[in-house]
Each structure stands twice: as C-alpha cells, then as structure tokens.
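This report concerns only the one structure given below.
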Protein chains: 2
Amino acid sequence: MAKNLKSIQRREREREELREQILDVAMSILTKEGYEAVTIRRIADEVEYTPGALYSYFGDKEEIIFALVVRASKKLNALFLSLEEALPHPLERLWATGRAYMRFAMEHPVEYDLMFIMSAPIQKMAECDFNETHTAFRLLRKTVEECMKQGFLPRADADAAAFAMWSFVHGSVSLMIRKRLAAIPEEKYDDVLQGAFNFLMNAMMPRHQEQPIITPSAPKVLAKKKIGKK
Amino acid sequence: MAKNLKSIQRREREREELREQILDVAMSILTKEGYEAVTIRRIADEVEYTPGALYSYFGDKEEIIFALVVRASKKLNALFLSLEEALPHPLERLWATGRAYMRFAMEHPVEYDLMFIMSAPIQKMAECDFNETHTAFRLLRKTVEECMKQGFLPRADADAAAFAMWSFVHGSVSLMIRKRLAAIPEEKYDDVLQGAFNFLMNAMMPRHQEQPIITPSAPKVLAKKKIGKK
DNA sequence: AAGTAAATTAAACAATGTTCAATTTTTATT
DNA sequence: AATAAAAATTGAACATTGTTTAATTTACTT
C-alpha cells in the first residue's frame, strides 16, 4: 500500500523531461523548417517514440503549439520585468521597453510569430486564462501613466496611449516577419525600423535621446561588415 | 484549320466564370467557417464539380488563396484611389486614409487577414511581382511628403514616417483580428482603437480635427437598413 | 515470482492535397 | 450526319496528416 514515493517522483520527473524534449524538438523544427514541417510523426521520430505516445504527454497538436507560446511568453516577460527593475525612470524605461520589444521580435521571429501573429494556438489561448500578455500590457500602461504624470507624455487615456505604442511596435515587426513590405528592400529593414521608431517617438516627446534598436555590436551587422571588407 | 473563334471565346468566358465561382465559394467558406474549413473537396462540392476538376483552373490550393488576396487588394486599392482624387488636401487625405484603412480592416477582417497577416499565400506573393501593396505604400508616402512640405508634419525620412503610420494602423487592427488583446475587453475595442488613433495623431499634429473611425452611421448599419426596406 | 499499473506500440481511421489514366463532352472536319 | 480530334471531367488511387484504441511491453509493488 505504501507506494514507493521515490520512484513515483522519478517517473514524474522523467515525464516532465520528455515533455520538455518534445517541446525542444517541436521548436527546433519550427525554427528551421517552418510550421508545415511541424508534424506529430516528425516530432515522434526525433524524440524516438511512436506518434501515439505523444498523446499521453499532450492532448493534441494545438496543445504542443500552445506550450511553445507559453515558453516564449515567459522569456519575453522576463525581459520586461528585468527592464522594470533596472530602469526606475519611466521615460527611459518606456524607450528601452520599445526597443527591447522590437529587438526581441527581429531576433526571435518564430517566437514572436507564435505569440502574436499565428492563428494556430488561439483556441487554447482563449480557453486557458493566459495572462502573460495581460501582465505585460499592464506594465506598459503603468509606465505610460508615470510618463504622463511626470510630464513626458501628453495626458490622455492611458489604455489608449499604451495600446497605440504597442500597436506601432507590433505592426512594424509583424509586417516584416510576415513579409508584407514589398515596397521596402530587405536590406533597409533595420534602417526603416529605426527611422520609424525615432520619428514616432520624436513626435510624442521632442526631447528624447535616440538610441539604436539593433546595435552595431549585434551579430548580424558585425558579420556583414566582416564579409564586406574582406 | 480556321477554328471557330466564337466558340473558343465562349469557352474562355465560361472558364472564367467557373474560376470566379470557385473563388466566390472559397471566400464564402473562409468567411463563414474559417481557414481550416476551406478544402478542395468542400469547394468542389459547392460548385458541383469533382476535386480533380479544380486543378485545371488553379495550379494548387495556394493559388486559390492567392487569388483571394488579389481580389481583396484590388478592393482596398480602389478605396485608396478614391480618397486620392476626392481629397486634394494632403493632411485631410492622410487622416481619411488612416481611418479608411482601419475601418476596412474592422469591417472585412477576413480579407484583411488574407492580405496582411496570413502566411498561407506568401509563397505565391513572393513569386508573382504583386505590387498592389507596393502602389498603396507609394500613395501613402506621397501624401506624407506633401504633408511635410506644407508643414503639417515634422520633416523626416518619408519612407520611415509612412512606414511608422502604416505600422500603427496595421498593428492595432491585427492585434484585434488575431485576438491578442486579453487586456482589453472586446466591447471596448472600438473606443480604444479610436483613442489610440487620436492620441498618436494628436502627438504628430497637435491641431487636427478628430473624427470617428467607426461612425454610428457606418455602412454596416446602413446596409442593414436597406436590406430591411426591400 | 506473480500480479498490477503505467507506458508504449502497432495498426487502423477519416480527412487532406494532389495526380493521372480513363471516360465523357464538346468542337472541328469530312 | 458521321467521325475524328481536342478539351473537360471524372474516379480512383497516393502519400500525408492528426488521432484513437486494442494489444503488448515495461516498470513497480507485494
């Protein structure tokens, strides 16, 4: 009767490990080969199980995708929270948050797509009360409110203002990620992104300090320079 | 040898009609039941043909989806062009274009999704030199340039400014269409949208005239009335 | 060692996009 | 009007997909 607690704990841990491995593999396939390549059989292959086995770890495919969304959201939220405590000055924090958001999207387009663009996981997102983006938005609104109180932003409905800023950053990166910018050549993406960000921020607060979104020390640019000069 | 021109023309016309009918049916299913319901067999059923028959009208399913994108784009572009010639004043035109864009998206979310969010048709969009959005962007940039020249907007890179504005409107409507706004209750969507639009426009041009995006007398309501009268 | 519970498999199912030989329908020629 | 040629359409098949379930293997408890 007194079941061995150790072994049941270990089994639980092993289950959790396989669960994580499934997600690792799914994310890896998604990143390397795109959504249509993410297949139950393909994942099962790579974790060396049978397709049916996955169904004792996840209810269905959508649940796997949703788990990837949760993962990505925690990553992004951690980033926001670190800025929250590192930058007490609200205006500075607002800027930094905007830049960080865009940088995250450009450097992790697949994760961004999962969280904010894809339609695949929205069923599960509606079912579960998934409040990661909810808390992120509250953080942004709080920052906006502080900026307004301290005179850095024109006073207005904080919900509307926060939504406006979020809309801009989301709009710009999602147009790029989903390649809806035929009018702009791809090599100018970084510049236009930077220019648009500065244009809007300048309009809202004329006295800001412009800072690069994608810094010169970022991997991409460095790589290009090296190739170009040689 | 001298083939009957009349009959070949008629056959051509009949082919074109079926092509259009296929697209009508596909769009109708997409609108009513969502993307996963749009199936070759389902379309074939509704046009009373066999699944294989559709393949002599479209190369593959993606080509059908892409044709829907083309249709929607023509509709939106016609809207932009009508504003272009109706409103010579650039600032007025800029405002009206922004509002029209948002209204179009909120009233035709499926069409908007096809054009600017979905990943399904992007392969074909890249292959064909599909320049509808390209010309729309040029129109916007021209308007922005005129606004700058006449002092309604701060002088800056027109590409960046136009992109900034497009990013904002796209971002706001696509967050709503893809239901990524857990933080905001659905019944407040219209208000927040309006508030955000005004906040941003106010910031860029302090002396503007606020106008509703979704008016109480919007086409939706009118259309319903008309149908009712008949 | 035996028995029980959990995990895993193997095989099947229905539905998907797509292809292609066979057949029907339409058009052109005699 | 009959027949040959061409075009359009079908019907049946394929390979894949997500998912289910009875059977089997594995792990654990007694």
Side-chain angles (χ1 to χ4, degrees), chain A residues 1-23 25-26 29-30 33-68 118-124, chain B residues 1-23 25-26 29-30 33-68 118-124:
Chain A
M1 264 301 173
K3 295 179 183 175
N4 190 338
L5 192 59
K6 272 282 170 55
S7 66
I8 190 178
Q9 277 180 336
R10 196 205 55 202
R11 214 172 48 212
E12 190 60 32
R13 200 183 58 230
E14 283 173 350
R15 275 188 73 85
E16 190 53 37
E17 275 167 16
L18 183 49
R19 241 187 89 98
E20 293 299 315
Q21 207 201 330
I22 289 168
L23 296 180
V25 163
I29 300 170
L30 182 61
E33 307 178 37
Y35 186 73
E36 75 285 354
V38 180
T39 270
I40 298 290
R41 281 174 178 81
R42 176 73 191 281
I43 300 172
D45 261 15
E46 296 204 17
V47 296
E48 293 175 300
Y49 276 76
T50 273
L54 302 209
Y55 285 85
S56 83
Y57 290 83
F58 294 92
D60 56 13
K61 189 183 173 182
E62 202 188 342
E63 215 168 271
I64 297 178
I65 303 299
F66 178 66
L68 296 181
M118 263 192 165
S119 59
I122 75 169
Q123 190 66 26
K124 301 274 174 193
Chain B
M1 264 300 177
K3 295 178 183 176
N4 191 338
L5 191 59
K6 270 284 169 57
S7 66
I8 191 178
Q9 276 179 337
R10 195 205 54 202
R11 214 172 48 212
E12 189 60 32
R13 199 183 59 230
E14 282 172 352
R15 276 188 73 85
E16 190 52 37
E17 275 168 16
L18 182 49
R19 242 187 89 98
E20 292 300 313
Q21 206 200 330
I22 289 168
L23 296 180
V25 163
I29 299 171
L30 181 62
E33 307 178 36
Y35 187 74
E36 75 284 355
V38 180
T39 271
I40 297 291
R41 281 173 178 81
R42 177 73 192 283
I43 300 171
D45 261 15
E46 296 204 18
V47 297
E48 293 175 301
Y49 277 75
T50 273
L54 303 209
Y55 285 84
S56 83
Y57 291 84
F58 293 92
D60 56 12
K61 189 184 174 182
E62 202 189 341
E63 215 167 272
I64 296 178
I65 303 299
F66 178 67
L68 296 181
M118 263 193 163
S119 60
I122 75 170
Q123 189 67 24
K124 300 277 174 191

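Note on naming: letters A, B, ... go to the chains in the order of the sequence lines (proteins, then strands), and numbering restarts at 1 for each one.
- Residue A:R10 contributes atom CZ, which lies 15 Å from atom P of C:dA6 at whole-angstrom precision.
- Atom CD in A:E48 sits roughly 13 Å away from atom P in C:dT8 (whole-Å rounding).
- One can place CG of B:D45 at 12 Å from P of C:dG17, the figure rounded to the nearest angstrom.
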Letter by letter from the 5' end, nucleotides 11-23 of chain D scores (B base, S sugar-phosphate only, - none; protein heavy atoms under 4.0 Å) B-B---BBBB---
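- Put simply, OG1 on B:T39 and CD on B:E33 are 10.0 Å apart, with the number rounded to the nearest 0.5 Å.
- Put simply, CD on A:E12 is 12 Å from C1' on C:dA6, counting in whole angstrom units.
- Between the CG atom of B:L54 and the CG atom of B:L18 there is a distance of 7.5 Å, given to the nearest 0.5 Å.
- Here the CD1 atom belonging to A:I65 is positioned 6.5 Å from the CG atom belonging to A:L30, to the nearest 0.5 angstrom.
- Looking at heavy-atom distances under 4.0 Å, B:F58 makes no contact with the nucleic acid at all.
- Each of D:dA8, D:dT9, C:dT8 was ranked by its minimum atom distance to the side chain of B:R11; first place goes to D:dA8.
- A distance of 10.5 Å separates CD of A:E63 from OH of A:Y55, quoted to the nearest 0.5 Å.
- To the nearest angstrom, P of D:dA7 lies 18 Å from CG of B:L18.
- The local environment of CD in B:E14 is crowded, with over 12 non-hydrogen atoms from other residues, nucleotides or ligands closer than 6.0 Å.
- Between the CZ atom of B:R15 and the C1' atom of D:dA7 there is a distance of 9 Å, given to the nearest Å.
- A cation-pi arrangement is present between A:K61 and A:Y35, with the terminal nitrogen or guanidinium carbon under 6.0 Å from the aromatic centre and inside a 45° cone about the axis.
- Distance CG (A:L54) to P (C:dT8): 10 Å, rounded to an integer number of Å.
- In this structure, CD1 of B:I43 is placed 17 Å from P of C:dA15, rounded to the nearest angstrom.
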